[in-house]
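Here is the structure we will look at.
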Amino acid sequence: DLSIKLISKALVIKPNYCEAYNNLGNVYKAKNNIKHALICYKKAITINLNYAEAHFNLGNIFKEQNKMEEAIKCFNKAILLKPNYIEAIINLANTFLSLSNYENAIINYKKVIQINPNKPEAYCNLGLIMKEQGRLDEAIIYIRKSLYIKPNYAEAYNNLGNIYKEQGKLKDAIKYYNLAIDANLNYIDSYLNKGLILQELGDYEDAINTFEKALKLDVTKKIQFLDNHILRCLFFQGNKIKFSNKLDHLISSNHNNSLIGSLCSRGNIKYNLKRYNPFCNYPMKYIFYKSLYKDYDFEKTFIKNISNIFNNKNLNIRSQKLLINGKQTAGNLFVNKHRSMNEIKKIIFKELENYKNKFKDSNEGFILDWPDKYAIHGWVVKMKSEGVIRPHMHDKGWISGSIYINVPNSKRKNDGNLVLCIEEKENLRNKRDVKEKTVKVKTGTLCLFPSSLLHYSLPFKSDEERIVLAFDIIPQ
């Protein structure tokens, strides 16, 4: 390559030419020769420890290699040497964002805005963080600022669509997903998100068409769930042949997740199929529950801290059409770095490890393929008398769980109890196919189960509210 030859000649003449090593690293990186790029950047730094650009370039490679701690060190060093190095500050913020370290991400995006208030990415990503924290109104303000600076910003339109979806404004959400697609015809996320809303509205044919457009664009198979959602549409359409063909394709392709697990179990019942379930063939055997009062200070750790969440003036409520006479918090409560939520998170992860060990000898796929890395997404549901949540499953989860912060005393049999099942009774042709378990929950109960299971709550009658911390364990 001519550029490599020219730079190499310059280095023969001037061996300690650090800028030349940095430029040579850029050439190798552009050619995807990461090994030689790393050597060149490190050589540039060896010659000049204060060369900010070389630290920055080295950080970019570490970030691409998912070596986040090394990347953070490199970006911080570049910023220390060059305090207004805006590209390094943005990449440092993006690295913190990818690690869900929202506190440090916010600090650095705000630094970017102080240096240059016309950086749309900083506003857009601040909006994304606000959404994750459940601060939906603030999220909209930040994202609209990014669109004011960059009117054809596909990612910002998509994020705005996600917020309106969270608020239950589905027509507005579709409008912004369409604007994202208009801004970038190859923006896969917006096709996926639009398809999910069409699916939710029961427009299965249009949803399938939208997912298939995304599949054509997704040559790297970055979004694994597209085929799964097509499978779900085919299930609800009642097309046995297309459903079974798609299911067979996904199973033979070694797809394994809770949505396939749920649809495989439900398809076996609905269409009298005999398919092996890659996720869990007998999910009802893996329902686990216990009282947390035995091992923890439940009053202090859970009741007090969850009550404080609802007293927060910045708390946002999301739309939840499955919920009757109740409300659900927006965003993910576990992105809050407050000590109280970290303590709850540690307890959940400890109980999750106990759950995994309890079933360690199982041959079910969800145990054998237990994710090496996972995140937790949590929210609180508060119901008034006669409140219920309808049957549903969590398609992004691996394990789902609920912790009962307050369960009013029963006035009727099964008041407010949790029901887990493979299929809704009303969809069963034969009563012998009923497979469900009712868990008698009390204040302090923890319940864990495979995310492939449908679940719902039974109505209760009380002057008190029923309060539940629900969560999903999501593979990373």
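Numbers here simply count residues along the sequence, with the first being 1.
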Just wondering, are more than 12 heavy atoms of other shown residues or ligands nearer than 6.0 Å to CG in N409? no
Take I129 and Y109, measure what side chain to side chain contact (heavy atoms under 4.5 Å, CB included) needs, and give me the verdict at the end. CA-CA 11 Å; I129 293 169; Y109 286 130; 4.1 Å; yes
Side-chain heavy-atom pair Y293, T443 within 4.5 angstrom cut-off: yes
Does F243 form a side chain to side chain contact (heavy atoms under 4.5 Å, CB included) with L273? I'd like the steps, not just the answer. CA-CA 11 Å; F243 172 81; L273 304 176; 4.1 Å; yes
Note, E343 side chain near K346 side chain (heavy atom, < 4.5 Å): no
Which heavy atom of Y374 sits nearest to which heavy atom of E353, and what is that distance? OH-OE1, 4.2 Å
Rounded to the nearest 0.5 Å, how far does CD of Q199 lie from CG of L192? 9.5 Å
Near D463 CG, under 6.0 Å, is it more than 12 heavy atoms from other residues, nucleotides or ligands? no
So CD1 of I208 and CG of D203: to nearest 0.5 Å the spacing works out to 10.0 Å
What is the distance from atom NZ of K437 to atom CE of M284, rounded to the nearest 0.5 Å? 7.5 Å
Do I230 and L215 have side chains that approach each other closer than 4.5 Å (heavy atoms only, starting at C-beta)? yes
Please test E121 against I90 for side chain to side chain contact (heavy atoms under 4.5 Å, CB included), starting from the C-alpha separation and ending with a verdict. CA-CA 8 Å; E121 181 185 352; I90 285 177; 3.6 Å; yes
Can you tell me if N256 and D369 form a side-chain donor-acceptor pair at under 3.5 Å? yes
Taking S457 for the side chain and V388 for the main chain, is one N or O donor matched with an acceptor at less than 3.5 Å? no
Atom pairs and distances, donor-acceptor, side-chain atoms in residues 412-422, under 3.5 Å, two or more places apart:
| unit_1 | atom_1 | unit_2 | atom_2 | d |
| --- | --- | --- | --- | --- |
| R412 | NE | D415 | OD1 | 3.0 |
| R412 | NH1 | E386 | OE2 | 3.3 |
| R412 | NH2 | E386 | OE2 | 3.4 |
| R412 | NH2 | D415 | OD1 | 3.3 |
| N414 | OD1 | N417 | ND2 | 3.0 |
| D415 | OD2 | K411 | N | 3.3 |
| D415 | OD2 | R412 | N | 3.4 |
| D415 | OD2 | K461 | N | 3.3 |
| N417 | OD1 | V441 | N | 3.1 |

Between S451 and H394, the two heavy atoms sitting closest are CB-O, 3.7 Å
Closest approach of A154 and A180, non-hydrogen atoms and distance? O-CB, 3.4 Å
Do the ring planes of Y355 and W370 sit parallel (below 30°), tilted (30 to 60°) or perpendicular (above 60°)? tilted
Within the 4.5 Å heavy-atom criterion, are I260 and F279 side-chain neighbours or not? no
Are side-chain heavy atoms of E424 and R390 found at a separation under 4.5 Å? no
Answer with yes or no whether the side chains of N162 and Y177 bring together a donor and an acceptor at under 3.5 Å. yes
So does F349 have more than 12 non-hydrogen atoms from other groups sitting under 6.0 Å from CZ? yes
N357 atom CG, neighbour heavy-atom count above 12 within 6.0 Å: yes
Over all atoms of both residues, closest heavy-atom pair of Y191 and T210: O-CG2, 3.0 Å
State whether the side chain of N281 and the backbone N or O of Y276 hold a donor-acceptor pair below 3.5 Å, judged by distance alone. no
Atom of G397, atom of I474 and distance for their closest heavy-atom approach: CA-CG1, 4.3 Å
Are side-chain heavy atoms of R232 and D395 found at a separation under 4.5 Å? yes
Please confirm whether the backbone N or O of S462 pairs with a side-chain atom of S385, one donor and one acceptor, at under 3.5 Å? yes
Looking only at heavy atoms, the pair that brings I115 and P83 closest together is CD1-O, 4.3 Å
Centre of F235's six-membered ring, under 6.0 Å away, within 45 degrees of the axis: is that where NZ or CZ of K270 sits? yes
Taking the six-membered ring for Trp and the single ring otherwise, decide whether the centroids of Y289 and Y404 are under 6.0 Å apart. no
May I ask you to decide if the ring planes of Y204 and F236 are parallel, tilted or perpendicular, using 30° and 60° as cut-offs? parallel
Exam field: side chain T329 to backbone V380, donor-acceptor pair closer than 3.5 Å: yes
CG on N108 to CD1 on I113, rounded to 0.5 Å: 11.5 Å
Would you confirm whether Q133, through its side chain, and V335, through its main-chain N or O, come within 3.5 Å as a donor-acceptor pair? no
Give every donor-acceptor pair under 3.5 Å between a side-chain atom in residues 143-152 and any protein atom, sequence neighbours left out.
| unit_1 | atom_1 | unit_2 | atom_2 | d |
| --- | --- | --- | --- | --- |
| R144 | NH2 | Y164 | OH | 2.9 |
| R144 | NH2 | Y176 | OH | 3.1 |
| S146 | OG | I143 | O | 2.6 |

Over 12 non-hydrogen atoms of neighbours within 6.0 angstrom of NZ in K382: yes
Plane angle bin for H392 and H455 - parallel if under 30°, tilted between 30 and 60°, otherwise perpendicular: tilted
Please check if the side chain of N193 supplies one atom and the backbone of D189 the other of a donor-acceptor pair under 3.5 Å. yes
NE2 on H229 to CG on L263, rounded to 0.5 Å: 10.0 Å
With salt bridge (charged side-chain N to carboxylate O under 4.0 Å, His left out) as the rule and sequence neighbours excluded, what pairs involving residues 292-303 come up? K290-D295
Test item: N332 side-chain N/O and E132 main-chain N/O as donor-acceptor pair under 3.5 Å: no
Does any non-hydrogen side-chain atom of I174 lie less than 4.5 Å from one of L170? no
With a 6.0 Å cut-off on the ring centroids, do Y296 and F302 count as close? no
Are the side chain of S262 and the backbone of S258 linked by a donor-acceptor contact shorter than 3.5 Å? no
Taking it one step at a time, do K67 and E70 satisfy salt bridge (charged side-chain N to carboxylate O under 4.0 Å, His left out)? CA-CA 6 Å; K67 297 177 180 178; E70 290 95 327; 5.6 Å; no
Do L333 and I344 have side chains that get closer than 4.5 Å, going by heavy atoms? no
Interatomic distance, CG@L196 vs NZ@K165, rounded to 0.5 Å, equals 5.0 Å
Closer than 3.5 angstrom, by distance alone: can the side chain of K321 be matched with the main-chain N or O of E200 as a donor-acceptor pair? yes
Stepwise side chain to side chain contact (heavy atoms under 4.5 Å, CB included) test for N76 and L92: CA-CA 7 Å; N76 275 326; L92 178 62; 3.3 Å; yes
M68 backbone acceptor or donor facing T95 side chain under 3.5 Å: no
